[in-house]
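Counting starts at 1 for both ligands and their atoms, in listed order.
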Amino acid sequence: MSQPDARSRASSSMISIHGTSAKAIAITFDDGPNPEFTPQMLNIFSEEGGRATFYMTGDQIERYPDTARLVHAAGHEIGNHSYSHPHLTELEEEAIRAELVRTSDIIRETVGVLPATFRPPYLATDAQVERIAHDLGLAVIGGVNGAARDWDMPGAKHILEASLAVTEPGSILVFHDGHGDRSQTVEAVRELVRALKKEGYSFVTASELLQMD
Ligand SMILES: [Zn+2]
């Protein structure tokens with residue numbers, strides 16, 4: 001029967017929200033580690049409480065291993081964001097696998113633990129990418145606040161408001177701590193965390209969120 005295969009190829013198992021009764025969300029940062037902006041994100045959580053997830057590329061970890069170690073030492077999750085940030089859906093199976101394996105190995109060598117979650121660069125994913133990720137023990141993580149476009153520097157106010165508008169219990173939010181000037185993101189995330197904390201939200205890692213009922 002080819003029907004089930006055809007259906008699974010068309011559908012995505014990428015997780016952008018996790019059904020939970022807990023008032024918790026996962027705030028995530030892509031494209032680090034970055035020696036200037038990653039520590040500023042860490043400061044927000046050390047001041048306000050909670051944990052985040054940092055989707056790092058292997059090549060950035062090789063450049064800034066000490067920054068990756070700071071993230072791990074502060075109790076945050078480090079996830080796999082590929083080695084060189086390609087469009088994985090345009091690569092052959094072996095090249096996709098190499099991107100993910102190499103980065104998981106670098107994370108383990110740098111901070112001592114293998115990653116459990118993966119964010120596809122550009123959120124570009126398909127059944128093959130997801131099968132390979134799952135083979136490697138990686139849950140595929142998306143996000144609900146694509147309209148915030150923090151990578152495009154639309155202003156801290158826009159980033160904040162577009163993220164708040166789609167936040168509900170179990171939401172996964174995408175931001176960036178690398179690849180350019182991330183000062184708007186720092187400002188927006190600080191305000192977001194303060195506002196949501198007042199509403200009773202807590203901030204957990206992607207892996208923690210997936211385990212909540
Ligand atoms: Zn990215």
In this structure, are over 12 heavy atoms from other groups packed under 6.0 Å from H179 atom NE2?
-> no
Just wondering, more than 12 heavy atoms not from K157 lying within 6.0 Å of its NZ?
-> no
Measure from the Zn ion (ligand 1) to every N/O/S atom of [X] and report the name of the nearest one.
X	result
H85	NE2
H81	NE2
D31	OD1

With F118, the side-chain contact (heavy atoms from CB on, under 4.5 Å) member among L136, V129, T103 | V129
Aromatic plane relationship, F45 with H76 - under 30° parallel, 30 to 60° tilted, over 60° perpendicular | perpendicular
